[in-house]
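Before we start, here is the structure in question, set down as structure tokens.
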Amino acid sequence: MIKPNKLVKKDFLSSLDMSTEEVNHIIELAKNLKNNHINIDYKKKVLGLIFDKSSTRTRVSFQVAMSRLGGTTIDLNPTTSQIGRGEPIKDTARVLSRYCDVIAIRTFNHSDLEEYAKWSTKPVINALTDLEHPCQALADFLTIKEEFIDFKNVILTFIGDGNNVANSLILCGALLGVEVRVACPRGYEPNPILIERARKIYKNDNLLKIMHDPDSAVRGANVLYTDVWSSMGEESKKEEKDKDFNGFTIDNDLVNKANKDAIILHCLPAYRNKEIIDAVIESDKSRIFDQAENRLHAQQALLACMFK
Ligand code: CP
């Protein structure tokens, strides 16, 4: 029977904080947790949650994951704690380390997350920054594995902004050897440093393609994935981005150009009929709600491997 193995690194700030073996282990453990094949008891463990940005899935899935492990969570709302008042991160991190066993943080600047991790003596998890969303990528690849059993020969096409979600898909895809294509308008490519890191990990760096034409990017693809065009904090750019992303909507025409077995993913929340049409979200190809559920199983597995 599979048992959680302790992760080598203390923190999970980036998809690259795990090795290929560790990502595969988390996915396998998550599948077993989902199917009730294992029971892990982490009574008395406490997860601290800091959300500087709104969240439904990440917050609730972490809370339920902790509850299923037998532990508890404390949701540190910045407006009702001293965090929002501007208490230095190095003070908050050291204090929370004395109370909590692990801390999950959603914030804007990735460097703030790194500052928390620097000062926290307990593991820190990236619950989304402007740079990466590695917990989302774990759930995404769990969903892909459930569908295709094996990552070999899977082509994942992300259509949209080269944002935090795209960055983590690229990094996690590189670790797992999955072909990842990103189709975005010019000027919206994923982070160039992370692209470079991913290329170094891939045994065949042709498996990562940054493209600008959605039609050619979806040809032969098994997974079509999108996210909102304007992320949290980009409200003022919405009008401009809506124009720039014209032609990058996942609609039935685009789905029909992909492989016959293609599934549809979206990390949610979605703007229906903008980056993806309503009918595609509701189609039988959509695995979007399985993907959302898998946030819970993947994070339960992640927590289990951090508490060991
Ligand atoms: N996908 C995701 O992170 O959802 P939330 O913003 O609701 O947490």
Side-chain angles (χ1 to χ4, degrees), residues 12-15 17 26-27 30 34 47-68 73-79 102-110 112-113 124-144 146 156 158-173 182 190-191 223-235 238 241 250 263-272 274-276 280-281 286-303:
F12 185 52
L13 309 185
S14 164
S15 293
D17 284 334
I26 296 279
I27 290 173
K34 184 172 184 176
L47 165 68
L49 296 171
I50 299 174
F51 283 88
D52 289 336
K53 295 182 178 190
S54 304
S55 168
T56 298
R57 279 141 289 269
T58 309
R59 175 184 275 115
V60 178
S61 56
F62 265 121
Q63 287 174 332
V64 176
M66 259 327 259
S67 166
R68 289 193 180 183
T73 50
I74 297 174
D75 192 347
L76 286 141
N77 182 337
T79 56
V102 58
I103 307 163
I105 300 165
R106 168 169 290 197
T107 192
F108 293 86
N109 296 323
H110 197 78
D112 286 348
L113 179 77
V124 171
I125 297 173
N126 181 351
L128 181 148
T129 63
D130 289 350
L131 187 64
E132 279 199 57
H133 198 358
C135 291
Q136 180 68 55
L138 289 177
D140 300 340
F141 282 102
L142 166 59
T143 312
I144 293 167
E146 285 178 330
L156 160 62
F158 180 91
I159 299 154
D161 192 14
N163 62 5
N164 43 14
V165 170
N167 287 334
S168 288
L169 286 173
I170 285 173
L171 296 177
C172 207
V182 175
N191 182 285
V223 183
L224 304 192
Y225 193 136
T226 189
D227 186 12
V228 292
W229 293 335
S230 301
S231 300
M232 284 176 276
E234 291 192 323
E235 289 72 17
K238 213 166 181 198
K241 287 188 94 173
I250 299 190
I263 59 166
I264 312 298
L265 299 183
H266 189 309
C267 54
L268 299 177
Y271 283 109
R272 286 172 183 244
K274 206 166 247 192
E275 73 272 8
I276 185 165
V280 172
I281 295 183
S286 169
R287 299 291 179 275
I288 292 170
F289 296 98
D290 299 313
Q291 178 189 10
E293 178 188 333
N294 283 340
R295 295 293 306 278
L296 162 64
H297 308 300
Q299 284 154 211
Q300 196 181 344
L302 171 68
L303 290 165

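Ligands are counted one by one from 1 in listed order, and the atoms in each one are counted from 1 as well. Heavy-atom basis, side chains included; hydrogens, waters and symmetry copies ignored.
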Test item: side-chain donor near acceptor, His266 and Gln291, under 3.5 Å
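Result is no, nothing qualifies.
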
Suppose I only count heavy atoms of Thr56 and a 4.0 Å limit; which atoms of ligand 1 are within that range?
5 (P), 7 (O), 8 (O)

Here the atoms of ligand 1 under 4.0 Å from any heavy atom belonging to Thr58 are 2 (C), 3 (O), 5 (P), 8 (O)

Shortest protein heavy-atom distance from atom 4 (O) of ligand 1, along with the residue and atom involved:
Arg57 NE, 2.9 Å

Proximity to ligand 1 by part of Gln136, non-hydrogen separation under 4.0 Å
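Within the 4.0 Å criterion, Gln136 contacts ligand 1 through side-chain atoms alone.
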
Any nitrogen or oxygen of Arg59 lying under 3.5 Å from a nitrogen or oxygen in ligand 1? Just yes or no.
no

Between Arg59 and Asp75, does at least one N-O distance fall below 4.0 Å, as a salt bridge requires?
yes

Under 3.5 Å, is there a donor-acceptor pair between the Asn164 and Asp130 side chains?
no

Atom indices of ligand 1, in the order listed, that fall short of 4.0 Å to a heavy atom of His133
2 (C), 3 (O)

Before signing off on this row, confirm whether Cys267 and ligand 1 have an N or O atom pair separated by under 3.5 Å.
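Among all N and O atoms of Cys267, at least one is under 3.5 Å from an N or O of ligand 1.
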
Look at the side chain of Asp140 and the backbone N and O of Thr143, then say whether any donor-acceptor pair between them is shorter than 3.5 Å.
no

Looking at Asn294 and Leu142, would you say the former's side chain and the latter's main chain have a donor-acceptor pair under 3.5 Å?
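No, Asn294 side chain to Leu142 backbone: no donor-acceptor pair under 3.5 Å.
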
So which heavy atom in the protein is nearest atom 6 (O) of ligand 1, and how far is it from that ligand atom?
Arg106 NH1, 2.8 Å

Heavy-atom contacts with Leu268 under 4.0 Å: which atoms of ligand 1 show up? List them by number with element.
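Answer, ordered by atom number: 1 (N), 2 (C), 4 (O).
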
Quick check on Arg295 - does any of its heavy atoms sit under 4.0 Å from an atom of ligand 1?
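Right, Arg295 reaches ligand 1.
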
Would you confirm whether Gln136, through its side chain, and Pro134, through its main-chain N or O, come within 3.5 Å as a donor-acceptor pair?
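Pair absent, no side-chain N/O of Gln136 close to backbone of Pro134.
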
Under 3.5 Å, is there a donor-acceptor pair between the Glu275 and Thr226 side chains?
no

